[in-house]
Every structure is written in structure tokens, then in C-alpha cells.
Amino acid sequence: MAVEKMSIAKALNESLRHALDTDPKVLIMGEDVGKLGGVFRITDGLQKDFGEDRVIDTPLAESGIVGTAIGLALRGYRPIVEIQFDGFVFPAYDQIVTQLAKMHARALGKIKLPVVVRIPYGGGIGAVEHHSESPEALFAHVAGLKVVSPSNASDAYWMMQQAVQSDDPVIFFEPKRRYWDKSEVDTDAIPGPLHKAVTVREGSDLTLVAYGPMVKVCLEAAAAAQEEGKSIEVLDLRSMSPIDFDTVQASVEKTGRLVVVHEAPVFYGSGAEIAARITERSFYHLEAPVLRVGGYHAPYPPARLEEEYLPGLDRVLDAVDRSLAY
Amino acid sequence: MTVESTAAARKPRRASKRTSAAKKPQSSEPQLVQLLTPEGERVEHPDYSIDLSAEELRALYRDMVLTRRFDAEATALQRQGELGLWASLLGQEAAQIGSGRALRDDDYVFPTYREHGVAWCRGVDPTNLLGMFRGVNHGGWDPTTNNFHLYTIVIGSQTLHATGYAMGVAKDGADSAVIAYFGDGASSQGDVAESFTFSAVYNAPVVFFCQNNQWAISEPTERQTRVPLYQRAQGYGFPGVRVDGNDVLACLAVTRSALERARRGEGPTLVEAFTYRMGAHTTSDDPTKYRADDERAAWEAKDPILRLRTYLEKSGHADEAFFTELETESEALGKRVREVVRAMPDPEPMSLFEHGYADGNSLVDEERAQFAAYQASFADSAEEGK
Ligand SMILES: Cc1ncc(C[n+]2csc(CCOP(=O)(O)OP(=O)(O)O)c2C)c(N)n1
């Protein structure tokens, strides 16, 4: 197939198709993933082509979905489960946190849990309650899980391949409001490791770190800042657990300033972890305190207020100005 | 390797007998409690008799017609971009009005997100239901005013709240009852199983009202259960009954009886209202991807409103003037809903920081102040620009 321009949704679909195609042990499980192809159509056409035994419509029970995926993994399968929306992962949270994350360690490394939990996450689509949240920190806090999120179609394609091949459980957060954004995917390219952060724009005055849906906002902010003569570097973290601190550190030691941007609430969010580590690692290189831009300590608001809640261009640029003013 | 090159390998292999699930539940289809046939004939049932005056029958008809009108208006408003989403109850009017009218004022209702007809019976202004679908709030009514709890979007959660509330009712020595609504899909959730367990062992005065509308988005009921849903109750130690969910009289009679049982201190009942979701799951759904065309037609023949109309006309319990007047009332309701929704303002930005906590919270105070300063900076720069 080589290089093709496609949406993140299409890239995920192609990636899942490839995974089913190459490994008979790969399964897809979830609510409505079959005939409907999932509510976002990420699994569109897969049941038709691979059958009901490989692409499995499950009962409406998230704890059941993840719990049985654990059992299937113990039996040698590689289940990829779909949680329909971010807010519905919590019935499965017990299975993910108390079982999926810890079993490998409890068995002294003798068993593997190659389960991928796909979660469309984040806001900006005008949805009702529980359809717009960013719970990544709740998972990143738990040892034993990998937590990742692609921001473009190429990463969607490749990170999914890597997640499926991982012998550790991966919580795969899909930025739902970017599902329809298109970019190039090279299906022959050899990608870097799953946990590696990527510099998506070079700059010298300040580093913006983001992942998933906020990468685009940060790139737009950097372009706007450029017009005012500011040179902003943008990093796409890609993995929230583990975090590639080396890449962040190298960038900060070049620019001297760091702003972390995510949709999730700032309080106890991934920005807090990055700020603390970078302050520890690069204290004498910093020209300003590490700033964070994100959601508030408030329930995710109704759709008509979400633009106020979600970090947009203005809030990112405001933080850039504040950092540069030190 | 390209995807195309292995197309042949992709063909579904025949599953072994041991691993494949049968398409249909194996037990034979149980009898439905029915008091009004799809043809509009009154029939009797040995356990559930009901005797309603002409006025009461007309009132049930009116409830169903106005509920359907409201629902149709909301669907139209979604299409016009006034609502972000709508979950239609089309076809489920009898299940909701029948059960809703069985309730007493002091009973307490825990709905899912589709109980617009039950809300109507509780006296909740229907326009209050639209705020969350428009995206201006996450609820929009005070649950304690009408004993009608907030809509619950996370599937199955509310059945446990209903059970706990019922345990409280019993502790208080009150004789009111509690009703929890949920769908056939929800019956698969752990929370629902746990609510059955709790309500049984604590003998809680709760009625579980499952509207089996045959689908959970794209998944048919067979994907949730191998036995008829009402039979689940037996395993927990309380009765289950399947009622014709398109028969408002039967829904009323069966729910009334289950509520009375709860009031007498005899514990929970599971009512399975066998009905059908005539429209899409919500306005974001596309049932053509998974549902056969003729299925809806078969259920339209069982329409809950038509059958009561037939009965009202044949029995002489309603005259032409009644239907004409109701038509006018129905139009007026539609107009009012339209106007109220269009006039619903967006929430004030500062309201983001309201109601997160009942007590004060220093973190919220700090973020509120920062947000206010940030908002004000735009006003200042607009001022400077003048
Ligand atoms: C815990 C949870 N998982 C998934 C969803 C997404 N979802 C919303 S409605 C629905 C189907 C519900 O079917 P059913 O319980 O039969 O109720 P119906 O809408 O058909 O009345 C699903 C899967 C959800 N709201 N909550």
C-alpha cells in the first residue's frame, strides 16, 4: 500500500485489519463493533471480512469485556477491546487496574497479558455527559499499563500495530475529535519505538508538550506565535506511560521554557508529572517555571460550554506569553 | 504484506459447535400479559384485571399522544441543529405511560435516558428534559420535586441507586415504592446483577422495569441473554413477569401489582415490557447498518397508540371531538417546546465553577479567580483596541 493520505479513523481501521490478517490470535471485542462497525466506524467491515469469531460483538458489559479479554489473553489470544466512550471505561476499571495491570508481576513474569484497550477520548464533539472526558492520568498512575495516544494517521496506524504486538497491556486513547483529520501514512516505513516522543516542530524560544488532540492546537499556536517573532518547539509525547523524559529534557535544555498542554484537568494531571520531573532534571536550564494548560477542577461541562473548558489557541498563547515574560 | 494479498485467508472459518453461540434463545417464547390486543380488542387475564372508566382510558390515550408529539418535536429540533442529540422513545409510549401512571406521588423513579413518557407522568415539564440534549446542562430538573431522578447515561448504574433508595424507604418504615427503568442491553451490566442481588437479600421495595425494545444500539437481545429476560428474576429469588409493552392497560396493571407487592413488604419484582424501538437508537445512530427493513413494519402493526384508539372508538369511550381537541393540544405542545428550546440560553462561562462541590473548595476558588482574570483580559484588550 505504501504512502497514502487517510483519516485517523481509516488508519486505525487499516491497522486493525492488518493485525487480524497477520496474526490469527488477534481478536476484536466490544459493543457494536460487528455489523455497525462501532459507533465511530473504526471496525467498519472487519466482521464481514474476518467473521463473528474474530470480530466479536459482546454483551453490554465493560467489566465483562475486559475480564474475558484477560482470560483469552491467558489462553494465548491477543484481544483488542473497544470501550465505546471514555466515560464508560469505569465499569471495567476494576478489571484493568486490579487484574490486567498486575497479573504479569504476580506471576513473576511467567504470563503475558497482551490486551489492547481502545478508548475514544476527549471533548470537542458537542456530546452529552460521559462522552468527552480525558481519564489518561487515572491509568498512567497504575504500574503495569502502557498508556498511549496518537495524534495523526501515521501514528494511529503504527502505534496500533505496536500496541497489538506488545506483550504488556496497552491503554490506547484515540483522540475522537481528530478521527476525521487526514494525513499521510506510510505502511512500509519502520516506525520508532512506541514510547518515543517526537519533535513535530523545531523552535528555540519555548517548548510546548502535548499529545493526542492537543498536538494540533499546539502546532497552530506555534504558527501564530511565529508571526509575532517567537520560535516555538512542539513535542508530541505520544506515550503518557512511560514518558520519554529524555526527549522533553533535551528540548527544554535548548529552549529554556516549557508549557505542557492537555485536555484533562490540570490538577494531578500528566502535566504535573512532566513539570516535576523536568524541574528536577533541568532546574538550571529553566528560564521560567513549567506552566500547564488544561481542564479545570470542574465536572466536564455541558457541550455549549466546552469551548471555554478545552484549551484553545488563546489559552496556549497566553501561557506562552506568561512563560516568556519571566 | 498487503491486505489484499491475503484476502482469501480472511474468510471466516466455520466455528466449531462448542464455541459458536446459538442465534436464538432456546426456550420457547413465553406468554405476554395482554389486556388489549393489537387489533384493539379488550381481553382478560386471570392475574391482572383492570377496570378503567372512559375518562381514565382517554387520559392514558392523551398521555401517549402528547408524549409521542413531544418526542417527534425533539427529533425535529435535533435535525434543525437545536439539540445535539436525541434519544427517541417512539414505540415505547405504552410501556412508559402504563408504568408511569401506576405510580403514586410518593414513589420514586430512577430512569435511564429515554424515559420521556415517565417524566411526563411525573409532571416534569417536558422542556426540562431537553437541556442536557441541547448541551446547556447535565440534568436540568430538581429530582426531589417530582420524585423523578436525573437521567442516567452510564448503562445500568441507576438500578443500584434505586435499590439503595428502596432500602432506605424500608428502613424508614414508609410504604412507598421505587421503580428503576433500564433496557435489555443494560441487563448485561454487573450493576444490574448486583442490584438484583441486593434488592432480593434486603427485600427492598423496588420494581425493575426493563423495556426490552429488542436492541441495544446494533445488538439484538440475543446478544445479551439466552433466556427470556423476565426469567432472570427467578435465579435471584423474586418474581419476573413479561408484559406486552405496547399494551398500556397491561403495563399499568402489571406495574401496579408489582408496586403493591413492594408496598406490602414482599420485595422486588422484575417486569419485562416486551416492546420495540421504532426509530434509531439515537439521532446519531444508523439502524440501516444492522436492522432488517420489514422488522419495523411488523411492529408498527402493534402500535400502542393505534390499538387504544381503535378500542376507544369501537367502545364509544371517545368521540370525534375528543380526538380533534387532542390534535389541537398536541400542536400547541409542539409549538411551546420549539419556542422554549430555541430561547434556551447558553450557560454563563463562570458557571463552569458552580456546583462541583456542595462545600467550598479552595482549588476551585483559585481556578475560578484565574479564569475570571483571563476572561477579563479579553474585555481589557477590546477596550484598548477602541
Ligand atoms: C456503561 C455504558 N456502556 C456503553 C454505553 C453506550 N451506550 C449507550 S446506550 C447503549 C445501548 C443501550 O441499550 P439498552 O440498555 O437496551 O437500552 P435502549 O437504549 O435500547 O433503551 C450503549 C451501548 C453507555 N451509555 N454506558
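Quick caveat: nothing in here was measured; it's all calculated off a predicted structure. The figures here come from the full heavy-atom set of this structure, side chains too, leaving out hydrogens, waters and symmetry mates. The chains referred to below are lettered A, B, ... by the order of the sequence lines, with proteins before strands, and numbering in each begins at 1.
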Inset, instruction - Determine the interplanar angle of the B:W141 and B:F148 rings, folded into 0 to 90°, and report it as parallel if under 30°, tilted if 30 to 60°, perpendicular if over 60°. - result: tilted

Legend entry - Residues A:W158 and A:D186: side-chain donor-acceptor under 3.5 angstrom: no

Legend entry - Heavy-atom check, side chain of B:Q214 versus side chain of B:R291, under 4.5 Å: no

Legend entry - A:Y296/B:F371 aromatic ring centres below 6.0 Å: yes

Inset, instruction - Tell me whether the guanidinium CZ or amine NZ of A:K25 lies under 6.0 angstrom from the six-membered ring centre of A:Y77 and within 45° of its axis. - result: yes

Legend entry - Leading residue by heavy atom contact count with chain B [cutoff under 4.5 Å; candidates A:D57, A:V128, A:T58]: A:D57

Inset, instruction - Measure A:E306 against the heavy atoms of chain B and call it side chain, backbone, both or neither at under 4.5 Å. - result: neither

Legend entry - B:D285 versus chain A, the contacting section by heavy-atom distance below 4.5 Å: side chain

Legend entry - Region of A:D94 that comes under 4.5 Å of a non-hydrogen atom in chain B: neither

Legend entry - Value rounded to 0.5 Å, distance of CG in A:L36 from CG in B:D286: 7.5 Å

Legend entry - Proximity breakdown for A:D32 and chain B, heavy-atom pairs closer than 4.5 Å: both

Inset, instruction - Could you have a look at B:L85, B:V154, B:V364, B:L363 and say which one has the most heavy-atom pairs with chain A under 4.5 angstrom? - result: B:L363

Inset, instruction - Could you tell me which portion of A:E307 (side chain, backbone, both or neither) has an atom closer than 4.5 angstrom to a non-hydrogen atom of chain B? - result: neither

Inset, instruction - Check whether any side-chain heavy atom of A:R315 lies under 4.5 Å from a side-chain heavy atom of B:Y374, and answer yes or no. - result: yes

Inset, instruction - With a 4.5 angstrom heavy-atom cut-off, could you sort out which part of A:Y300 is near chain B: side chain, backbone, both or neither? - result: backbone

Inset, instruction - Answer with side chain, backbone, both or neither: which region of A:R41 has an atom nearer than 4.5 Å to a non-hydrogen atom of chain B? - result: side chain

Legend entry - Pairwise distance NE2(B:H281) to CG(B:N213) - rounded to 0.5 angstrom: 9.0 Å

Legend entry - Side chain proximity check, A:Q47 to A:K35, heavy atoms < 4.5 angstrom: yes

Legend entry - Aromatic ring proximity, centroids under 6.0 angstrom, B:Y151 and B:H116: yes

Inset, instruction - Just give me the residue among B:G156, B:G84, B:S188 that pairs up with chain A most often, heavy atom to heavy atom, under 4.5 Å. - result: B:S188

Legend entry - Side chain, backbone, both or neither of B:R368 within contact of chain A (heavy atoms, under 4.5 Å): neither

Inset, instruction - Using non-hydrogen atoms and a 4.5 Å limit, figure out which bit of A:P301 sits close to chain B: side chain, backbone, both or neither. - result: both

Inset, instruction - Measure the shortest side-chain to side-chain distance between A:V185 and A:K5 over non-hydrogen atoms and say whether it is less than 4.5 angstrom. - result: no

Inset, instruction - Using non-hydrogen atoms and a 4.5 Å limit, figure out which bit of B:E354 sits close to chain A: side chain, backbone, both or neither. - result: neither

Inset, instruction - With a 4.5 angstrom heavy-atom cut-off, could you sort out which part of A:H297 is near chain B: side chain, backbone, both or neither? - result: both

Inset, instruction - Counting only heavy atoms closer than 4.5 Å, note whether B:I155 contacts chain A via side chain, backbone, both or neither. - result: side chain

Inset, instruction - Pick one of side chain, backbone, both or neither for A:V39, based on which atoms fall under 4.5 Å of a heavy atom in chain B. - result: side chain

Inset, instruction - Look at A:P91, A:A303, A:G87, A:P59 and state which one has the largest set of heavy-atom pairs under 4.5 Å with chain B. - result: A:P59

Legend entry - Among B:P347, B:S218, B:G356, residue most engaged with chain A (heavy-atom pairs, under 4.5 Å): B:S218

